[in-house]
Amino acid sequence: MEYKFNEIEKKWQDKWNADKVYKVSNESDKPKFYVLDMFPYPSGAGLHVGHPLGYIASDIYARYKRLKGFNVLHPMGFDSFGLPAEQYALETGQHPAETTKKNIATFKSQLDKIGFCYDWDREIQTSNPDYYKWTQKIFLELFNSYFCNTQKKARPIADLVKKYETKGSDKFTAEQWNAYSKKEQEDILMNRRLAFSKYGEVNWCEALGTVLANDEVVNGVSERGGHPVVKKKMRQWYLRITSYADRLLEGLETVDFSESMKEMQRNWIGRSEGAEMDFAIKVTTDNRPPTTEGQPSSVVHRPLSLRVYTTRPDTIFGVDFMVVAPEHELVNEIKSPEQATAVDEYVAYVKSRSDVDRMAEKKITGCFTGAFAVNPFDGKEIPIYISEYVLAGYGTGAIMAVPCGDERDFKFAQHFDIPITNIIGDFYNGEEANPTKEATLQNSGFLNGLLMKDAISVAVSKIEEMGIGIKKVNYKMRDAGFSRQRYWGEPFPIVWKDEMAIPLNENDLPLELPHVDKYGPGKEGEGPLGNLEDWVNTPEGRRETSTMPGYAGSSWYFLRYMDPKNAETFCDKKASDYWNQVDVYIGGTEHAVGHLLYSRMWTKVLYDLGYISFDEPFKKLVNQGMITGKSYFFMLDHIYGNKIVTYTKPTELSAFIRFKYGHQFVDNNGKLTRKNYESFQSIYGGVEEQISWENDTEGEFIFVKEESEKMSKSKFNVDNPDDLVLKYGADTFRMYEMFLGPVEQSKPWDTKGIEGVHRFLRKLWRLFFDDIKGKGWTDAKGTDAELKVLHKTIKKIDGDTANFSYNTAVSAFMVCVNELGELKCHKKEILEKVLIILAPYAPHIAEELWHALENKGTILDAAYPAVEEKYLIESSKEYPVSINGKMRTTINMALDLSPEEAEKIVLANEVVQKWLEGKAPKKVIYVKNKMVNVVI
RNA sequence: ACUCGGGUGGUGGAACUGGUAGACACGCAGGACUUAAAAUCCUGUUCGCAGUAAUGCGAGUGACGGUUCAAUUCCGUUCCCGAGUACCA
């Protein structure tokens, strides 16, 4: 009987759908398990073979856990708000809602063909008002909360108001607060809200007409499209994620993420411990406006000071100059008349440089301000410079420069001929800075003789004691920009009146996204919504016209799956208490610092506010590697005459013309033939470079090299999963993607091996239908040999599946079927169990054969077979011994060795021990003369 | 530059807490069945040398060195590739 995978798969997919076998209930006696995929953005291109990798991996896990007796939540949905749909709308005029709907339908049909066990009743779409109603609601929660610095958690802003009204704060008294105008109070509160609005410098992308988050800007250009990005001041929404910096760091200790993922998040948060300290400034002229007495000061009258941030207070005596960011407010106040023009010119120069310029050429620039700071410990006068290498946004925007210990400071000192003080003796060679902490300090006043790493805390204590500074922690991470001047996103439930943000009443949610006809930007950098006068102007005030960023909806979606239909709340506490954390979360590394940090923060806020009872969303994270496409580079020999060019070094190739092709046009010998080239042309049309074949020759391209690149249509290296499913079936496709290599590893896509997996499934099929007549199996008991194969396999597969080691699991299936085939095993008892452990990987064929064995119901509800260890016990334990000729032994008799051999034997420690206990080896097995296995 | 991964046959990749390196698959070569093809099955396949042959000898997990009876695995140095970050004081 033939293995008609297409029929079988269709049959079972329909049946499973009709019977709703994947429906999951929130009530069950079974333990729960939550397996989640990072939901996709439904792009117009549909799925390519890279997408399903993670989905297959999670699907296998979900099915495996179900067979193991868990109530498994394994949902799927769509992150359907986002820029590409809007970009497409701009170009074609099609409404994003339309294209999104179409794309989702495509995605779903593609996913269904692969046979995933999603409970589609729980599907969510972030662009659906029923969903974003709750995104808006959570936004309001963020808006109405503040981070309490003593309790280190989010609390309702009402608590803060109460405190201000009764006790005031360290900045104002209760009386003062109560006397403030509404606007003044709101401004103060805005500085504490977790979702807040402020004027800030944002990354403005003219071409996209929108503001981008820091992580959407790569090397000074937009991640999407590569358009230039400049700084612009605008009113923006932000999330106060910096308040959670420490908890986000601490939380990493409690979750099972890969070390590299944790490291990436740590780097992004960028915590550093140091000290902030003030240096008195000595100026020749005080440029500040006249004092109230109307007397401009010519010498230092009022104390001016410069606050710097440093992680190395131990190097305080090595400070040779100060550097202040050009944007620093103090610059104008301290520049001397002689230096004023130079300073102004330099500031103008820095302003003219875009981020791109700064990235491109990092040259040493700067300018002396004419002012001096005073070292509080030795009174030394230190010149103050400005330079663009000091960033206004980090620390205090000013540094103390220690050229003997810091490479950048060193170069700067060299460039401006600033004398360098050496405080680390021989550790500094005069050629380059040495950032060590191991040196013993010299020329360092009260720190002399101390090891630098010990001196840090000593210096900090002294600084604090003198009242000129404090210990301080800084983070690289900034508050996350939360508004976009775009259309296709969640509208903010906010109206503005008299420069005050007024939240919408919760009962008025969702604030639905109104229909627009044009997707172009509104005036003055507003989004398209700014053009809708009717919508924007309400009796309560003017609506916020920006929309939320892509990560808004994805920051909490894992909660909605638990209770997707709830109209009362975003997720009932009972549901979130039952399902709790996502046990396994599978997705790509590209979200390391975006989505994963934001969703972790939202979870912590919702936890603080008592909506859920866990503060980390994902217990375990598995990062699937990217499937890359292979591109092949060829060269046509004819171009350089008839000479066959031979290549020695790849670098020489650049002199020649190269061509790039999808791998499907290369034959097994790695050659691109004319025929393949022509079929390529007929499918894709013109390529970058046209090739002219010699008229009468069947010319050949010489293979030059191959490269793995990200899959994309423009690189002609995309394979569509539908085609493969049609040709080989979903089961083969699933197993093949897993067989390619470890899930977490990036690997090039190549269909060459898919035949092998397909052959395996056909072999399995034959085990049931071809080898014997009739029903194909017997009720007889399995033999020991058969049972040994079975239990060996169960043990291996069970372990591999639990560890996501799917590629070795697939291999184990192949070995198992080969061995059972050799044993001509047709025992129901055995085959049934093989099918159950196979079911997560190849559900369709497993179900079909399950019924062929006259089983009722569905294999999905079978029980995972237990390993019976008794079939696995080896007859005796073998201990290795090796020969090296060093040690004399007296075991030649027992071991039955020649005296020469015996002389060379050294026993492994364990064997020696047994030997001493009087247990002589029973048998010795020779292995390649090098090693001997001793049976005790 | 820094941080984190990773270097194993022609290819994708195996190898448990150190214990016969190369499982499984692709590819390739040869064979069986067939009028033929497809499909299927069998055999061989790390490299080098020797032999008609079963086989034997030597080398071998990026390179060099170390620990060990024994190293792909542990330690040190170094080279290469991939990912992330990028003037963060």
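Only this structure's heavy atoms are used, side chains among them; waters, hydrogens and symmetry mates stay out. Labels below follow one simple rule: chain letters A, B, ... track the order of the sequence lines, proteins then strands, and each chain is numbered from 1.
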Decide if the gap between the ring center of A/Y385 and the ring center of A/F412 is smaller than 6.0 angstrom.
-> yes

note: A/M264, atom CE; B/G5, atom P; distance rounded to Å ~ 11 Å

How many Å lie between CD1 on A/I384 and P on B/A89, as a whole number?
-> 21 Å

What distance, rounded to whole Å, do you find between the two C1' atoms, one in B/U17 and one in B/G13?
-> 23 Å

Note: for A/R312 and A/T589 on RNA chain B, the residue whose nearest nucleotide lies more 5' is A/T589

B/A86 C1' sits how many Å from A/W268 CH2, rounded?
-> 11 Å

Say you pick atom C1' in B/A54 and the same atom in B/U34; how far apart are they, in whole Å?
-> 33 Å

Say you pick atom C1' in B/U61 and the same atom in B/U8; how far apart are they, in whole Å?
-> 4 Å

Between A/R762 (CZ) and B/A39 (P), how many Å, whole number?
-> 8 Å

Has A/N818 got a side-chain N or O lying under 4.0 Å from the OP1 or OP2 atom of B/A25?
-> yes

Rounding to the closest angstrom, what is the interatomic distance between B/C41 and B/U55 at atom P?
-> 25 Å

Write down the distance separating the C1' atoms in B/U45 and B/A25, rounded off to the nearest Å.
-> 14 Å

Would A/Y806 and A/Y841 count as a close aromatic pair, with their ring centres under 6.0 Å?
-> yes

Nearest-angstrom distance, C1' atom, B/C74 to B/U68 | 10 Å

Examine B/A89: is either OP1 or OP2 under 4.0 Å from a nitrogen or oxygen in the side chain of A/Y389? Give yes or no.
-> no

NA contact type, A/E259, heavy-atom cut-off 4.0 Å: base, sugar-phosphate, or nothing?
-> nothing

Say you pick atom P in B/A21 and the same atom in B/G31; how far apart are they, in whole Å?
-> 33 Å

Step by step, work out the ring-ring contact (aromatic ring centres under 6.0 Å, His included) result for A/F5 and A/H758.
-> CA-CA 10 Å; A/F5 46 85; A/H758 192 57; 5.2 Å; yes

Nearest-Å distance once atom C1' is located in both B/U52 and B/A63 | 41 Å

Polar atom pairs (N or O), protein with nucleotides 41-45 of chain B, under 3.5 Å:
from  : atom 1 : to     : atom 2 : distance (Å)
B/C41 : OP1    : A/R766 : NH2    : 3.0

Is there a donor-acceptor pair under 3.5 Å between the side chain of A/N807 and the backbone N or O of A/V743?
-> no

Take A/E259 and A/R266 through the test salt bridge (Lys or Arg N to Asp or Glu O under 4.0 Å) and record every step on the way to the result.
-> CA-CA 10 Å; A/E259 210 30 63; A/R266 285 191 199 109; 3.4 Å; yes

Assign A/N807 to base, sugar-phosphate, or nothing according to its heavy-atom contacts below 4.0 angstrom with the strands shown.
-> sugar-phosphate

Give the ring-plane orientation class for A/H591 versus A/H595, where under 30° counts as parallel, over 60° as perpendicular and anything between as tilted.
-> perpendicular

OP1 or OP2 of B/G13 less than 4.0 angstrom from a side-chain nitrogen or oxygen of A/Q745, does that happen here?
-> yes

Just jot down the ring-ring contact (aromatic ring centres under 6.0 Å, His included) partners of A/F733, sequence neighbours excluded, or say none.
-> none

Of A/T310 and A/L740, the one whose closest nucleotide on RNA chain B sits nearer the 5' end is A/L740

For B/G13, does either OP1 or OP2 sit under 4.0 Å from a side-chain N or O belonging to A/S811?
-> no

Do A/F804 and A/I586 have side-chain heavy atoms sitting under 4.5 Å apart?
-> yes

Taking NE2 from A/H758 and P from B/U40, how many angstroms apart are they, rounded to a whole number?
-> 8 Å

